[in-house]
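In what follows, a structure is listed as structure tokens, so that the remarks can point back to it.
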Amino acid sequence: MKVSSGLRRGSAAPAGAVFPAGCPSRVVLDHVTSKWGVLILVALDDGEQRWSDLRRRADGVSEKMLAQTLKILERDGLVHREAQPSIPPRVDYSLTPRGRELTAHLLPLFGWVVENADEIMDGQG
């Protein structure tokens with residue numbers, strides 16, 4: 001199924017692109033906005049990192065979830081995985097050009113969340 005391209009006038013936001021049930025944009029949206037997906041992408045915005053670096057930065061992520069998230073982001077063309085021929089094995093992860101383009105959009109959202117999280121959470125109690 002082709003992604004709907006309807007745009008509202010004067011808006012960069014797609015009007016109906018993610019609403020149809022079978023639209024591929026829903027799958028991509030799920031990948032890039034998952035809790036671990038966003039954290040990994042934002043972490044990699046700082047530059048190439050090893051597995052252990054990403055695991056430390058995304059505090060609380062399990063090895064299984066980190067591996068799964070990295071595989072999905074790599075398959076989507078957002079993350080590059082480079083295995084170094086060394087002992088012990090070394091694997092480095094970095095953003096692809098498409099991944100860098102995406103994080104340019106995610107960083108303002110991430111900043112907004114960080115700035116407002118305490119106030120939002122205080123209002124829930």
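If you're wondering where the values come from, they're calculated on a predicted model, not measured in any experiment. Side chains included, hydrogens not; waters and symmetry mates left out as well; all remaining heavy atoms used.
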request  = Please lay out, stage by stage, how Arg55 and Glu63 fare under the test side-chain contact (heavy atoms from CB on, under 4.5 Å).
outcome  = CA-CA 8 Å; Arg55 180 104 194 273; Glu63 288 187 19; 3.2 Å; yes
inquiry  = Would the distance check show the side chain of Arg100 and the main-chain N or O of Leu95 forming a donor-acceptor pair, the cut-off being under 3.5 Å?
reply    = yes
inquiry  = Hydrophobic clusters here meaning ILVMFWY residues chained together by side-chain heavy-atom distances under 4.5 Å, can you tell me if Leu107 and Leu44 are in one?
reply    = yes
message = Let me check something: do Val42 and Val114 share a hydrophobic cluster, defined by ILVMFWY side-chain heavy atoms less than 4.5 Å apart, either directly or through other members?
response = yes
key: side-chain contact (heavy atoms from CB on, under 4.5 Å) evaluation trace for Leu54 with Leu70   = CA-CA 10 Å; Leu54 291 170; Leu70 285 166; 4.0 Å; yes
ask   = Do Asp92 and Gln84 get their side chains close enough for a donor-acceptor pair, meaning under 3.5 Å?
value = yes
message = Test your reading of the model: is there a side-chain donor-acceptor pair from Thr103 to the backbone of Leu106, 3.5 Å cut-off?
response = no
inquiry  = So, taking the atom named CZ in Arg75 and the one named CZ in Arg81, what distance separates them when rounded to the nearest 0.5 Å?
reply    = 14.5 Å
query = Step by step, would you call Val61 with Leu39 a side-chain contact (heavy atoms from CB on, under 4.5 Å)?
reply = CA-CA 10 Å; Val61 68; Leu39 290 174; over 6 Å; no
query = So which heavy atom on Ser34 is nearest to which on Gly37, and how close?
reply = OG-N, 2.9 Å
ask   = Do Gln49 and Tyr93 have side chains that get closer than 4.5 Å, going by heavy atoms?
value = no
ask   = Salt bridge or not for Asp46 and Arg57, using N-O below 4.0 Å?
value = yes
Atom of Ile40, atom of Ala58 and distance for their closest heavy-atom approach = CD1-CB, 4.2 Å
Test side-chain contact (heavy atoms from CB on, under 4.5 Å) applied to Val113 and Ile120, step by step = CA-CA 9 Å; Val113 169; Ile120 291 169; over 6 Å; no
query = Quick check: does any side chain N or O of Ser86 sit under 3.5 Å from a backbone N or O of Pro89, one acting as donor and the other as acceptor?
reply = no
query = CD/Glu48 to CD/Glu82 distance, rounded to the nearest 0.5 angstrom?
reply = 6.5 Å
key: Over all atoms of both residues, closest heavy-atom pair of Val38 and Val32   = CG2-O, 3.0 Å
inquiry  = Salt bridge check, Asp53 against Arg50: does any charged N sit closer than 4.0 Å to a carboxylate O?
reply    = no
message = Hydrophobic cluster membership, with links at side-chain heavy-atom distances under 4.5 Å among I/L/V/M/F/W/Y: are Val91 and Leu66 in one?
response = yes
task = Examine Ile72 and Trp36 and state if one hydrophobic cluster contains both, with Ile, Leu, Val, Met, Phe, Trp and Tyr joined whenever side-chain heavy atoms are less than 4.5 Å apart.
result = no
remark   = Value for CZ (Arg56) from CH2 (Trp51), rounded to nearest 0.5 Å, stands at 12.5 Å
note = side chain to side chain contact (heavy atoms under 4.5 Å, CB included) with His31: of Thr69, Leu78, Asp76, Leu41, only one passes, and it is Asp76
inquiry  = Check this for me: Asp59, atom CG, are more than 12 non-hydrogen atoms of other residues, nucleotides or ligands nearer than 6.0 Å?
reply    = no
